[in-house]
Amino acid sequence: MRERDKGRSVRGMSRRRMLGIGGALGLTAVTGLSTAAVLARRPPMTGAQLHSAVPLPPPFRVPLPIPAVLEPVDTSGGVDRYAITQREASVEVLPGIDTPMWTYEGTFPGPTIESRRGRPVEVAHRNELPVPSVVHLHGGRTPADSDGYPTDLVLPEGWRDATAHSAHGMDDPRAVVTELTRDYAFPMDQRATLLWYHDHRMDFTAPAIWRGLAGLHLVRDEAEDALGLPAGPRELPLMIADHAFTADGGLDYPSLDPTLRERPGVSEPYLAGVLGDVVLVNGAPWPVCEVDAARYRLRILNASNARHYELEAVDDEGRGLDLVQVGADQGLLAAPVTHRSLPIAPAERYDVVVDFSGVPVGGRVRLLNRLGSGRTGEVMAFRVARRAADDSRVPDTLATDLPSWRREDAVRVRDLTFRAGRMGEGHGWLIDGLPFDPARADVTTGLGDVEVWRLIADVHHPVHLHLVGFRVLSRRGGEPLPHDAGLKDTVALRPGEAVEIITRFEGYRGRFLFHCHNAEHEDMGMMANLEIV
Ligand code: C2O
Ligand code: CU
Ligand code: CU
């Protein structure tokens, strides 16, 4: 039943160079503005919004769901083993409406995996979806063969026969394709933090995530446990994602090929990114969470395809509550950083403590999105239900293990541009002028090398590196912003901006990726190979 590591090259895949996105893309088409105007106006958003054809539910009625924590099927030999089936399922996202989705284990979000630092995790994924899939653990320090390279497909039953004669011809001789199942092995040899797993299939990642293929994965360790941060029911994972719905309750998405079998890409108005008009948290629209008048630890992930948020917590009097950031994408900060509002780009995570003790019982705190308008200006609410004892704390020193790479340590400095441009016959999103090609080594570096990368953007591009965490060195030649603190794996480039990051390429040799995490950009070329030798 389990056929692994066949090592065949990938056929039946859409050939990116034949991608028929069509039409003119360039900055003008993307934003309706010339380059100069874009840079002058710095639009808050890159992308176009869909409009749901169902009546939208009122805010703050649906209780915040917490994704179930997955039980391992086996824990012998010091390894936690899990089994996840990827399948279509009907999910109640909007109250009283069934939405067909693609899921991990039948739920959206998928089940949460809780792991301990240094204790390996293995996940056997079984693909019962109608198309190939790939699983990537975002932020995982994972060897290349389990990192979910986009051509390392898990084919559904019968796929090879059904597509053997298709016209597409991109071959990736290094791809390891399996049928029906694949075992992913994660050493979890990394800092405690919030990771997430999601689909990473070549050319079709954006619609797959949109359809529901995303779940959380926490890494914990003793040092973090000892800090005394809010825990148990006072630690809340918040996966924020915008979606849109068709009249029959299905998910709306402007795919050129809604079967996601052959032709990748989205229709013209959405080439810069697909935005929804419904804000979901843990799969519920504008939910409400009943809380004690106490400190809470919010583990926030932006799992949206393209939407950026600027989060603010506001009480009934309109007063902002402090958002005390204790961690970034790759774990705890050295010391807490207090924000009034916190920008979050696709795939970024923030670990934030909010203190509800000053809010009267019965009062409400709304989490707002300052970049949204109308309904997308709200995210969720907390209702303070009762006074309660609170022995949690936020220590002044959170972590002492953050890497202290200095500019002088870098053996190489690279400039990398993230811009719209031509891709074959159509247009796409390019890194250094080129669309993704599995066969090309874009960046080759030595294991252990420290490098500085200067990332240069036209419009918004949240840039993500696989395998390693990095630190933000500068923005626009100046100091990083307060929310750039700590160790990150995704950094939001704003229009016209250059951001410098520094990292050491450590962990494993092999073929990894870096890419824009605007999922539509990623599918339309904005991805490149990172070869560690
Ligand atoms: Cu979450 Cu390669 O990405
Ligand atoms: Cu990743
Ligand atoms: Cu981008």
Side-chain angles (χ1 to χ4, degrees), residues 25 27 30-31 38 43 45-47 134-144 146-152 184 186 190 193-206 208-210 213-217 239 241 266 270-275 301-308 329-330 345-349 416-421 423 427-432 435-436 438 455-470 488-497 499 507 511-530:
L25 172 74
L27 281 171
V30 172
T31 61
V38 166
M45 207 66 69
T46 294
V134 174
V135 182
H136 169 60
L137 179 60
H138 181 121
R141 201 167 126 104
T142 308
S146 280
D147 197 46
Y149 193 81
T151 54
D152 285 352
Y184 293 87
F186 306 109
Q190 60 183 102
T193 190
L194 172 64
L195 312 177
W196 61 302
Y197 60 100
H198 61 74
D199 198 72
H200 217 302
R201 174 187 168 204
M202 178 90 175
D203 294 342
F204 292 97
T205 292
I209 294 177
W210 186 271
L213 293 177
L216 302 173
H217 182 134
M239 179 199 278
V266 292
Y270 302 97
L271 294 176
V274 178
L275 309 173
L301 159 68
N302 181 357
S304 306
N305 281 31
R307 184 178 289 281
H308 293 238
D329 303 330
Q330 286 287 319
E348 282 188 304
R349 286 92 69 211
L416 293 155
T417 62
F418 292 76
R419 290 189 179 126
M423 181 160 78
H427 287 76
W429 295 98
L430 312 177
I431 299 178
D432 269 3
F436 180 57
L455 312 170
I456 301 151
D458 56 1
V459 292
H460 290 92
H461 298 293
V463 174
H464 167 52
L465 273 63
H466 283 217
L467 185 69
V468 291
F470 53 78
K488 295 182 57 62
D489 57 47
T490 307
V491 62
L493 313 183
R494 297 173 306 177
E497 199 170 52
V499 172
R511 182 171 63 162
F512 295 91
L513 293 167
F514 62 99
H515 59 88
C516 179
H517 222 293
N518 173 314
E520 282 77 30
H521 295 190
E522 175 183 346
D523 280 350
M524 286 182 270
M526 199 167 262
M527 184 152 66
N529 286 302
L530 166 61

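Just the heavy atoms: all of them, side chains too, but no hydrogens, waters or symmetry mates, feed the values below. Start at 1 and go down the list; that is how both ligands and their atoms are numbered.
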Does [X] reach the main-chain N or O of [Y] with its side chain, forming a donor-acceptor pair under 3.5 Å?
{"X": "Asp458", "Y": "Ala420", "answer": "yes"}
{"X": "Asn305", "Y": "Ala519", "answer": "no"}
{"X": "Asn302", "Y": "His308", "answer": "no"}

| request: Could you point out which residue of His521, His460, His517 forms a ring-ring contact (aromatic ring centres under 6.0 Å, His included) with Trp429? | output: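 Passing option: His521.
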
| N, O or S of His515 under 2.8 Å from atom 2 (Cu) of ligand 1 |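 Yes, since at least one N, O or S atom of His515 sits under 2.8 Å from atom 2 (Cu) of ligand 1.
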
| said: Taking 2.8 Å as the cut-off, does His136 contribute an N, O or S atom near atom 2 (Cu) of ligand 1, distance below it? | reply: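 Short answer: no, not a single N, O or S atom is under the cut-off.
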
| said: Ignoring hydrogens, what is the shortest heavy-atom contact between His138 and Leu195? Give both atom names and the distance. | reply: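 Looking at all heavy atoms of both residues, the closest pair is O-CB, 3.3 Å.
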
| request: Answer yes or no as to whether an N/O/S atom of His521 is found below 2.8 Å from the Cu ion (ligand 3). | output: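 Within the cut-off used here (under 2.8 Å), His521 does place an N, O or S atom near the Cu ion (ligand 3).
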
| query | Any N/O/S of His517 under 2.8 Å from the Cu ion (ligand 3)? | reply |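 No, since none of the N, O or S atoms of His517 sits under 2.8 Å from the Cu ion (ligand 3).
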
| query | Yes or no on ring pair (Phe, Tyr, Trp, His ring centres under 6.0 Å) for Trp196 and His464, after CA distance, side-chain angles and deciding distance? | reply | CA-CA 13 Å; Trp196 61 302; His464 167 52; 8.8 Å; no

| query | Any N/O/S atom, backbone or side chain, of His464 lying under 2.8 Å from atom 1 (Cu) of ligand 1? | reply |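 Checking atom 1 (Cu) of ligand 1 against His464, no N, O or S atom falls under 2.8 Å.
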
| said: Looking at atom 1 (Cu) of ligand 1, is there an N, O or S atom belonging to His200 that lies under 2.8 Å away from it? | reply: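 Short answer: no, not a single N, O or S atom is under the cut-off.
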
| Atom name, His461 (N, O or S, nearest to the Cu ion (ligand 3)) |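 Looking only at N, O and S atoms of His461, the one nearest the Cu ion (ligand 3) is named ND1.
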
| Name of the His138 N, O or S atom nearest atom 1 (Cu) of ligand 1? |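 Of the nitrogen, oxygen and sulfur atoms in His138, atom 1 (Cu) of ligand 1 lies nearest to ND1.
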
| Angle in degrees, rounded to 10°, that NE2 of His517 and NE2 of His198 form at atom 1 (Cu) of ligand 1 |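 Value, to the nearest 10 degrees: 110°.
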
| request: Could you tell me whether the side chains of Asp489 and Gln330 share a donor-acceptor contact shorter than 3.5 Å? | output: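 Short answer, yes.
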
